[in-house]
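This is a predicted model, so every value here is computed, not measured. Counting from 1, the numbers follow the sequence of the chain as shown.
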Amino acid sequence: MTRLSAALRGLATTFAALLAVTAVPAASAPATAQARHEPRAPEDFVALRGVDPTIIEEMRYVTAHNFVGERVDGYRQPLCLLTRPAAEALHLAQTRLLRQGYSLKVYDCYRPQRAVDHFVRWAEDLDDQDMKAEFYPDVDKTRLFADGYIAEKSGHSRGSTVDLTLVRLPAKPTRPYHPGQPLVPCFAPKGERFPDNSVDMGTGYDCFDTRSHTLDPRIEGVQRANRLLLKDTLEEAGLVNLPEEWWHFTYKPEPYPDTYFDFPVSAKSLSGRR
């Protein structure tokens, strides 16, 4: 009986060991595969702060203060990632603006395709209108695709497009956004809409309204002068404005005019490259 018990215990131990050996690869394989297959940025993508640390970064899609109302998929860190030529063009523009007492402030740079997909899902959900009062007060959500505010592809995903504004120096701090706070239309007078330390451009960032068109005739005086200062300075540095959005500029010629990347916005996307 003792010999039988010992034999059974030996078999049990051997069986448990075999289970452990076979179970470990199965458990670790998904994590290894995920780490191996997570997209990485090409060699010529850089973090803007490594090219010009004086440019202010307020990366909106890492926060809940955007038209979706939550952190957007693919934004893991508050970083501005761009192709090196685009980042160097911003550095050139920043050098000129600093002499005049201004700084650039970026809101968004490279945008992964998964973030664009998030925008599309949000736009298709007509019940989610939590941020309407600020970002699209006069636009019916059913019109976002037809009017061109949301699309299935974005130039940002090609890595050379940036959303940005001007800040008068010395820069004042921007009050943080608290989800659930009262919202004010993005085209309200600057003293009424959400406080931003930028100069007055006539609307806030990501304002879904024709007032956001760079040369909208309703935008006059100081507001128009501020838009033209941003536009002229960036165009001299090689960045072209999108006429429908005063904040939207693309470096030309684009290094990747036909490629839409999906690596996450994180420092890790720039590391481990060959």
What is the minimum heavy-atom distance between Gly204 and Trp247, and which atoms define it?
O-CZ3, 3.8 Å
Could you report the tightest heavy-atom contact between Arg96 and Ala237, atom names first, then the distance?
NH1-N, 4.1 Å
Do Phe119 and Tyr260 belong together in a cluster built from hydrophobic side chains that touch within less than 4.5 Å?
no
Counting distance only, does the side-chain N/O of His156 pair as donor-acceptor with the main-chain N or O of Cys109 below 3.5 Å?
yes
Ser269 (side chain) donor-acceptor with Ala41 (main chain) under 3.5 angstrom:
no
Atom NZ of Lys141 and atom CD of Gln129: how far apart are they, to the nearest 0.5 Å?
6.0 Å
Please find the pair of heavy atoms, one from Phe263 and one from Pro112, that lie closest to each other, and give the distance.
O-CB, 3.4 Å
Would you say Trp246 and Thr203 make side-chain contact, with heavy atoms under 4.5 Å?
yes
Quick check: is Ile150 connected to Val139 through a chain of hydrophobic side chains (ILVMFWY, heavy atoms under 4.5 Å apart)?
yes
Arg224 side chain to Gly202 main-chain N or O, any donor-acceptor pair under 3.5 Å?
no
Cluster overlap Leu97 with Tyr251, hydrophobic side-chain contacts below 4.5 Å:
yes
Where is the tightest heavy-atom contact between Asp44 and Pro255, given as atom of each residue plus distance?
OD2-CB, 4.3 Å
Sidechain-backbone polar pair: Ser212 side chain, Phe208 backbone, donor-acceptor under 3.5 Å:
no
Are Gln94 and Ser103 close enough that a side-chain donor and a side-chain acceptor fall under 3.5 Å?
yes
Between Arg193 and Asp200 (salt bridge meaning N to carboxylate O under 4.0 Å), is one present in this structure?
yes
More than 12 heavy atoms of other residues, nucleotides or ligands under 6.0 Å from CZ of Arg211: is that the case?
yes
Below 6.0 angstrom between ring centroids: does that apply to Phe67 and Tyr149?
no
SG-CD1 distance between Cys80 and Ile56, expressed to the nearest 0.5 angstrom
13.0 Å
Over all atoms of both residues, closest heavy-atom pair of Arg111 and Ser154
NH1-OG, 3.4 Å
Output for pair (Thr54 OG1, Leu104 CG), nearest 0.5 Å, gives 8.0 Å
Just so I know, are the side chains of His91 and Thr95 near enough to count as touching, which here means a heavy-atom distance under 4.5 Å?
yes
Distance from Leu48 atom CG to Glu88 atom CD, nearest 0.5 Å?
11.0 Å
Give the C-alpha distance, both sets of side-chain angles, the deciding distance and a yes or no for side chain to side chain contact (heavy atoms under 4.5 Å, CB included) between Thr214 and Lys231.
CA-CA 9 Å; Thr214 307; Lys231 180 177 182 291; 4.0 Å; yes
Is Glu38 salt-bridged to Arg114, going by a charged N under 4.0 Å from an acidic O?
yes
Is the backbone N or O of Asp258 less than 3.5 Å from a side-chain atom of Arg158, with the two atoms forming a donor-acceptor pair by type?
no
Does Val106 belong to the same Ile/Leu/Val/Met/Phe/Trp/Tyr cluster as Leu98, with side-chain heavy atoms less than 4.5 Å apart forming each link?
no
Centroid separation under 6.0 Å, is that true for the rings of Phe135 and His65?
yes
Going by atom types only, do Tyr75 and Asp108 share a side-chain donor-acceptor pair under 3.5 Å?
yes
Between the CZ atom in Arg227 and the NE2 atom in His213, the distance rounded to the nearest 0.5 Å is 9.5 Å
Please evaluate residues Met201 and Leu166 with respect to the criterion side chain to side chain contact (heavy atoms under 4.5 Å, CB included), reporting the C-alpha separation (whole Å), side-chain torsions for both, the decisive distance (0.1 Å), and the verdict.
CA-CA 9 Å; Met201 293 290 190; Leu166 293 174; 4.1 Å; yes
For Leu90 and Leu164, run side chain to side chain contact (heavy atoms under 4.5 Å, CB included): C-alpha distance rounded to whole Å, both residues' side-chain angles, the deciding distance at 0.1 Å, then the answer.
CA-CA 10 Å; Leu90 290 183; Leu164 73 176; 3.9 Å; yes
With a 3.5 Å distance limit and no angle check, can you tell me whether Gln181 reaches the backbone of His178 through a side-chain donor-acceptor pair?
yes
Does atom CD of Gln77 have more than 12 heavy-atom neighbours, drawn from other residues, nucleotides or ligands, at distances under 6.0 Å?
yes
For side chain to side chain contact (heavy atoms under 4.5 Å, CB included), just list the numbers for Val116 and Lys153, CA-CA rounded to whole Å, side-chain angles, deciding distance to a tenth of an Å, and then say yes or no.
CA-CA 7 Å; Val116 180; Lys153 294 290 184 181; 5.7 Å; no
Side chain Asn241, main chain His248, donor-acceptor under 3.5 Å:
yes
Which heavy atom in Asp138 sits nearest to a heavy atom in Phe187, and how many Å separate them?
OD2-CZ, 3.5 Å
Do Val68 and Asp130 come within less than 4.5 Å of each other through their side chains, counting heavy atoms only?
no
Take atom NZ of Lys172 as the centre, draw a 6.0 Å sphere, and report whether it contains more than 12 heavy atoms from other residues, nucleotides or ligands.
no
Between Arg218 and Glu220, is there a salt bridge with N-O shorter than 4.0 Å?
no
Do Arg71's NZ or CZ and the ring of Tyr61 fall within the cation-pi criteria of under 6.0 Å and 45°?
no
Distance in Å, Phe249 CZ paired with Thr161 OG1, rounded so as to fall on 0.5 Å steps
11.0 Å
Using the rule that two of Ile, Leu, Val, Met, Phe, Trp, Tyr join whenever any of their side-chain heavy atoms come within less than 4.5 Å, decide whether Tyr256 and Leu270 are in one cluster.
yes
Looking at Lys105 and Asp196, is any side-chain nitrogen of the basic one under 4.0 Å from a carboxylate oxygen of the acidic one?
yes
Evaluate the criterion salt bridge (charged side-chain N to carboxylate O under 4.0 Å, His left out) for residue pair Glu192 and Lys190; output intermediate values, then yes/no.
CA-CA 5 Å; Glu192 298 177 16; Lys190 183 172 175 59; over 6 Å; no
